[in-house]
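Below, all heavy atoms of this structure are taken into account, side chains as well, without hydrogens, waters or symmetry copies. Just so it is clear, the structure is predicted and the values come from calculations on it, not from any experiment. Lettering of chains follows the sequences in order, A, B, ..., and the numbering in each one begins at 1.
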Amino acid sequence: MTKRATTHATFVIERTLKHPPAKVFAAYADLTQKAKWFGGPPEWTRSTHTLDFRVGGRESESGGPHDGPEHTMNALYWDIVQNERIVMSYEMLLGPTRISVSLGTTEFKPAPEGTTLTYTEQGVFLDGFDDAGGRERGTHELLDQLVACLNS
Amino acid sequence: MTSTTHASFIIERRYQHAPKRVFAAWSDPQAKRAWFVEGEGWDIRSYEMDFHEGGEEKSSFRFVKGEETFGEETLFSNDTVFNEIIANERIIFTYSMARNGARFSISLASVEFSAEGQGTRLVFTEHAAFFDGADGVHMREAGWQELLLKLGDHLDKQGFGQ
């Protein structure tokens with residue numbers, strides 16, 4: 001039997017982007033745009049990415065290194081305010097094992113330079129498979145990819 | 001502009017009943033309704049629960065003192081999705097709360113059950129996003145404190161059998 005253990009953690013990442021809120025929001029709302037920045041490192045294989053961007057809609061993305069294991073994200077959208085806020089819950093699976101469940105809030109606020117984006121993740125990391133530090137670093141990398149995508 | 005506040009809280013409780021019995025009060029729709037939904041001052045309009053991973057629980061209840069507290073007939077609703085269920089050990093769920101159809105919070109909660117002597121240690125952790133100044137973590141925590149007391153009363157009324 002696996003030893004059950006949970007670690008609860010919250011982290012907040014703030015970025016200032018040189019693009020208006022509507023453009024940044026669209027990079028989350030539209031699958032074609034989101035697929036350009038949301039996912040593992042470029043060398044990973046991607047197997048699926050689906051997005052039904054509405055309250056009650058789901059998103060699923062999976063991929064991983066060539067020699068495995070598959071990383072899968074399954075999300076459910078709980079609240080969407082156009083150009084202002086997205087709240088979703090998501091689980092991460094490593095192979096068949098659930099390693100975390102999180103609540104993620106992304107807020108988009110107009111700033112003189114463009115947009116202040118604030119992402120807050122409140123999560124429960126399960127049975128020692130993952131930790132908040134690693135998740136926070138991974139999320140920074142994702143936001144770097146978002147910025148590069150918007151700037152290109 | 002919308003505004004969002006994030007907060008978390010933890011409640012720890014001990015019950016003089018085995019984990020299996022405490023867990024059953026969360027997994028059985030009738031038992032869950034008894035302590036989680038029914039309550040003085042609330043007029044239950046609907047309740048349904050499909051207790052499995054990916055399943056939903058939905059309840060709606062009229063606050064009897066809605067007119068005098070909020071100046072209007074007030075219907076609250078709770079929509080829950082179960083993310084993880086490990087029998088007798090852990091439940092993880094996400095839920096939204098709405099007042100008259102307007103969502104005012106989204107939460108992620110975990111409930112952990114572990115054996116302690118003849119009884120159970122229960123740890124309830126909630127992470128929440130509250131919208132536009134609504135509700136608030138102190139009210140939410142007080143609400144769960146009361147619910148977990150009601151859970152204890154419900155278990156005591158059921159007796160100490162296996």
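- Looking at every heavy atom in both residues, Lys109(A) comes nearest to Thr2(B) through CE-O, 4.5 Å.
- In this structure, chain A has heavy atoms under 4.5 Å from both the backbone and the side chain of Val81(B).
- Of the atoms belonging to Val87(A), it is side-chain heavy atoms, and not backbone ones, that fall under 4.5 Å from chain B.
- Under the 4.5 Å side-chain contact rule for hydrophobic residues, Leu17(A) and Ile86(A) share a cluster.
- Atom CD of Glu146(B) is surrounded by 12 or fewer heavy atoms from other residues, nucleotides or ligands within 6.0 Å.
- Proximity to chain A at a heavy-atom threshold of 4.5 Å picks out Ser3(B), Thr4(B), His6(B), Ala7(B), Ser8(B) from residues 3-11 of chain B, in numerical order.
- Heavy atoms closer than 4.5 Å to chain B are found in the side chain of Val55(A), but not in its backbone.
- For a residue to count as touching a neighbouring chain, one of its non-hydrogen atoms must lie under 4.5 Å from one of that chain's; by this rule Val101(A) touches chain B with backbone and side chain alike.
- Residues Leu148(B) and Ile91(B) fall within the same hydrophobic cluster, defined by Ile, Leu, Val, Met, Phe, Trp and Tyr side chains chained together at heavy-atom separations under 4.5 Å.
- Residues passing the ring pair (Phe, Tyr, Trp, His ring centres under 6.0 Å) test with Tyr90(A): none are found, sequence neighbours excluded.
- Heavy atoms of Thr10(A) lying under 4.5 Å from chain B belong exclusively to its side chain.
- In this structure the side chain of Arg90(B) reaches within 4.5 angstrom of the side chain of Leu126(A), judged on heavy atoms.
- Residues Val124(A) and Thr125(B) form no side-chain contact, since every pair of their non-hydrogen atoms from C-beta on lies 4.5 Å or further apart.
- Heavy-atom pairs under 4.5 Å with chain B were tallied for Asp79(A), Thr105(A), Val12(A), Val81(A); the largest tally goes to Asp79(A).
- The cluster map of Ile, Leu, Val, Met, Phe, Trp and Tyr, joined by side-chain heavy atoms under 4.5 Å apart, puts Phe76(B) and Val137(B) in the same cluster.
- Arg85(A) has its side chain within reach of Phe131(B): a pair of non-hydrogen atoms, C-beta onward, lies under 4.5 Å apart.
- In the hydrophobic clustering of this structure, Leu142(A) groups with Met92(A); members are Ile, Leu, Val, Met, Phe, Trp, Tyr whose side-chain heavy atoms approach within less than 4.5 Å, directly or through other members.
- More than 12 heavy-atom neighbours from other residues, nucleotides or ligands sit within 6.0 angstrom of CD on Glu72(B).
- Tracing side-chain contacts under 4.5 Å through hydrophobic residues (I, L, V, M, F, W, Y), one reaches Phe23(B) starting from Phe93(B); they form part of the same cluster.
- Under the 3.5 Å distance criterion, the side-chain polar atoms of Gln122(A) are left unmatched by any main-chain donor or acceptor of His127(B).
- When all heavy atoms of Thr94(B) and Ser89(A) are compared, the closest pair comes out as CG2-CB, 3.5 Å.
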Kindly list each side-chain donor-acceptor pair under 3.5 angstrom involving residues 106-116 of chain B, sequence neighbours excluded, with atom names and distances?
unit_1	atom_1	unit_2	atom_2	d
Ser107(B)	OG	Glu126(B)	OE2	2.8
Ser107(B)	OG	Arg140(B)	NH1	3.2
Ser110(B)	OG	His8(A)	NE2	3.2
Glu112(B)	OE1	Thr6(A)	OG1	2.8
Glu112(B)	OE2	Thr6(A)	OG1	2.9
Glu116(B)	OE1	Arg14(B)	NE	2.5
Glu116(B)	OE2	Arg14(B)	NH2	3.3

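- Annotation: residues 36-70 of chain B contacts chain A through Glu53(B) [non-hydrogen atoms, separation under 4.5 Å].
- The neighbour count for Gln30(B) CD, taken as heavy atoms of other residues, nucleotides or ligands under 6.0 Å away, does not exceed 12.
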